[in-house]
Amino acid sequence: MLFIPGKNWMLSLAELAAYFQARNVKFEIAVYSKAFFVITVDEPTVIDVAGLGGTIKVGEITAKLLTQTMKKAFLEDDKQAQAEIKEALSSGNLTRHMFEKSSAGKAVFGVSVYWADSAFRPVARRMQRFVGSAVKKELAAEGKRANFMGFAKDRMYPQLSHVEVLKKSMVENRAEVLFCVDKEQTFVAVTVAVHDPFEFQKRDVGKPSQRKIFAIPPRLARIMVNLALCGEGKVFLDPFCGVGTILQEALLARAKVVGVDVNRWCVEAARRNLEWLADEYSLENAEYRILHGDVRKLSEKVGREQVDCAATEPDLGPALRQVPTTSYATRLVERLEPLYHVLLEEAYKVLRWDGRLVFVSPYVKTRSGQPVTMRVEEKALAVGFKRVYPFQKENFAGDPVGLEELTAMASLVDVEERHLIGREIHVFQK
Ligand SMILES: C[S@@+](CC[C@H](N)C(=O)[O-])C[C@H]1O[C@@H](n2cnc3c(N)ncnc32)[C@H](O)[C@@H]1O
């Protein structure tokens with residue numbers, strides 16, 4: 001299976017690994033780069049893309065070619081290599097099921113090109129046109145008429161957005177071709193699922209009670225829920241639940257959710273939001289409890305060893321107007337530390353054996369260019385937790401360049417350019 005990640009590819013890849021792990025699906029990451037991943041699974045698995053926060057498109061691979069052939073065809077203009085590519089595209093696997101469910105007629109198909117090696121960037125548009133014309137010919141030979149979706153000249157990348165794919169019914173029609181050039185191999189795939197941004201947006205701005213400043217984006221909330229290995233029937237906790245953004249995602253994952261917040265308005269707001277969600281998504285028998293309380297008394301409130309998994313975003317500190325100095329940022333982070341220490345102590349008590357805690361700590365940009373982060377590991381280990389590294393070597397095929405660095409990463413970082421405080425995401429296990 002082929003996956004096109006969102007902006008933060010490491011978060012996307014870590015989420016997918018957790019997604020398979022939670023479902024006991026044996027998988028291997030065969031190819032990864034910031035552009036796309038190829039993951040092989042032992043058994044046929046339907047990916048519920050709506051349940052993933054970090055995946056934009058899912059593709060079914062129909063052909064593989066050597067990237068050496070791409071180099072010859074598009075960088076050296078070798079005619080024989082071009083003929084070889086045409087031949088692979090016309091095997092029928094790609095087009096046979098296109099427009100099966102609807103008559104082609106005015107329908108459109110599209111081609112999106114992705115590449116791991118920037119050497120292909122200058123020729124990506126040419127590759128797109130080349131693949132498009134080969135597909136069009138093949139469709140014609142099958143008696144199907146469809147137009148190749150054109151691109152505005154000023155467009156940066158020859159890639160359809162997920163919104164375009166949705167609007168042009170390209171998933172139902174299997175009408176988007178993904179042409180993905182990795183270092184060694186090139187994968188030809190058909191899009192079988194895309195991320196629906198309108199659903200996530202609805203949960204973000206459509207819920208009855210909102211609070212903009214502290215809000216975590218629903219997509220990141222879903223990634224955290226997945227990293228916690230949350231799933232159907234599990235008891236899920238957010239001890240700093242705010243208006244319930246993370247709880248919403250856990251409820252959609254069919255967990256029994258428990259939220260706690262010290263602010264009474266938040267408790268009411270989270271209740272209203274979950275009630276709305278259960279209704280909006282027709283979640284029958286949705287189980288949720290929102291409790292008013294302080295994290296310092298979490299185990300008294302929730303009970304010991306009652307929770308299977310938890311994900312939360314405690315206080316990240318005050319909104320900053322300008323990039324702080326390192327010493328100011330350090331003080332800011334140190335002031336928050338006691339709250340995080342309490343979280344670790346109390347979360348350990350309420351979690352069941354093997355239960356996971358996923359949480360965000362502040363990642364503060366500074367004038368020196370070196371971010372200030374919170375040291376949480378020492379405390380977590382002292383409490384009894386083990387750190388879960390986002391990437392495990394045994395989940396990867398072979399030993400590609402860069403894998404050692406990836407598997408040595410202890411946490412994941414999510415920082416937006418326009419924000420001064422980013423998020424560091426940790427996963428610990430009891
Ligand atoms: C960053 S917000 C969480 C935002 C939430 N993820 C959302 O999207 O709405 C942190 C929340 O922690 C709550 N909080 C702060 N200190 C707390 C404490 N000691 N115990 C429990 N909740 C606390 C605040 O009221 C606030 O709602």
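The chain is numbered in sequence order, starting from 1. In listed order, ligands and their atoms are each counted from 1.
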Considering only non-hydrogen protein atoms, determine which one is nearest to [atom] and report residue, atom name and distance to 0.1 Å.
atom	result
atom 24 (C) of ligand 1	D261 OD1, 3.5 Å
atom 5 (C) of ligand 1	C241 O, 3.6 Å
atom 19 (N) of ligand 1	D294 OD1, 3.2 Å
atom 8 (O) of ligand 1	T245 OG1, 2.7 Å
atom 4 (C) of ligand 1	F214 O, 3.5 Å
atom 10 (C) of ligand 1	E313 O, 3.6 Å
atom 22 (N) of ligand 1	V262 N, 3.3 Å
atom 6 (N) of ligand 1	I216 CG2, 3.7 Å

With under 30° as parallel and over 60° as perpendicular, where do the rings of [X] and [Y] fit, or are they tilted in between?
X	Y	answer
F385	F428	tilted
Y32	W9	parallel
Y281	W276	perpendicular

Contact atoms of ligand 1, heavy-atom distance to [X] under 4.0 Å:
X	result
G242	9 (O), 27 (O)
R211	2 (S), 26 (C), 27 (O)
C266	27 (O)
N263	25 (O)
R296	19 (N)
P239	21 (C), 22 (N)

Would you mind reporting whether F391 and M409 have side-chain heavy atoms less than 4.5 Å apart?
->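 Yes, side chains in contact.
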
Heavy-atom distance under 4.5 Å between the side chains of N8 and V413, does that happen here?
->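 Heavy-atom side-chain distance check fails, nothing below 4.5 Å.
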
Measure from NZ or CZ of R126 to the centre of the six-membered ring of F130, then state whether that distance is under 6.0 Å and the direction lies within 45° of the axis.
->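 R126 over F130 ring: no.
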
So is R331 actually on top of Y328's ring, under 6.0 Å and inside 45° of the axis?
->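 No, a cation-pi geometry is absent between R331 and Y328.
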
Judging by distance only, is a nitrogen or oxygen of D238 under 3.5 angstrom from one on ligand 1?
->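 By distance alone, the answer is no.
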
Would you say A215 has any N or O atom under 3.5 Å from an N or O of ligand 1, going by distance alone?
->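 N/O-N/O distance under 3.5 Å: no.
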
What heavy-atom pair brings V41 and T45 nearest, and what distance separates the two atoms?
->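 Heavy-atom minimum between the residues: CG2-OG1, 3.9 Å.
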
Shortest non-hydrogen contact between L316 and P362, atoms and distance =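 Taking every non-hydrogen atom into account, CD2-N, 3.7 Å.
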
Any donor and acceptor pair, going by atom type alone, linking the side chain of K379 with main-chain N or O of E345 inside 3.5 Å?
->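 Not confirmed, K379 side chain does not pair with E345 backbone.
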
Proximity winner for atom 9 (O) of ligand 1, if only heavy atoms of V295, D204, V243, L339 are counted |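 Going through V295, D204, V243, L339 one by one, V243 has the nearest heavy atom to atom 9 (O) of ligand 1.
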
So, do W115 and F74 have ring centers that fall under 6.0 Å from each other?
->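 No.
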
Salt bridge or not for E313 and R423, using N-O below 4.0 Å?
->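 Looking at E313 and R423, the cut-off is met.
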
Using a 4.0 Å heavy-atom cut-off, say whether P314 meets ligand 1 through its side chain, its backbone, both or neither.
->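 It is the backbone that gets close, since no side chain atom is under 4.0 Å.
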
Among the heavy atoms of G293, does any lie under 4.0 Å from an atom of ligand 1?
->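 G293: in contact with ligand 1 (<4.0 Å).
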
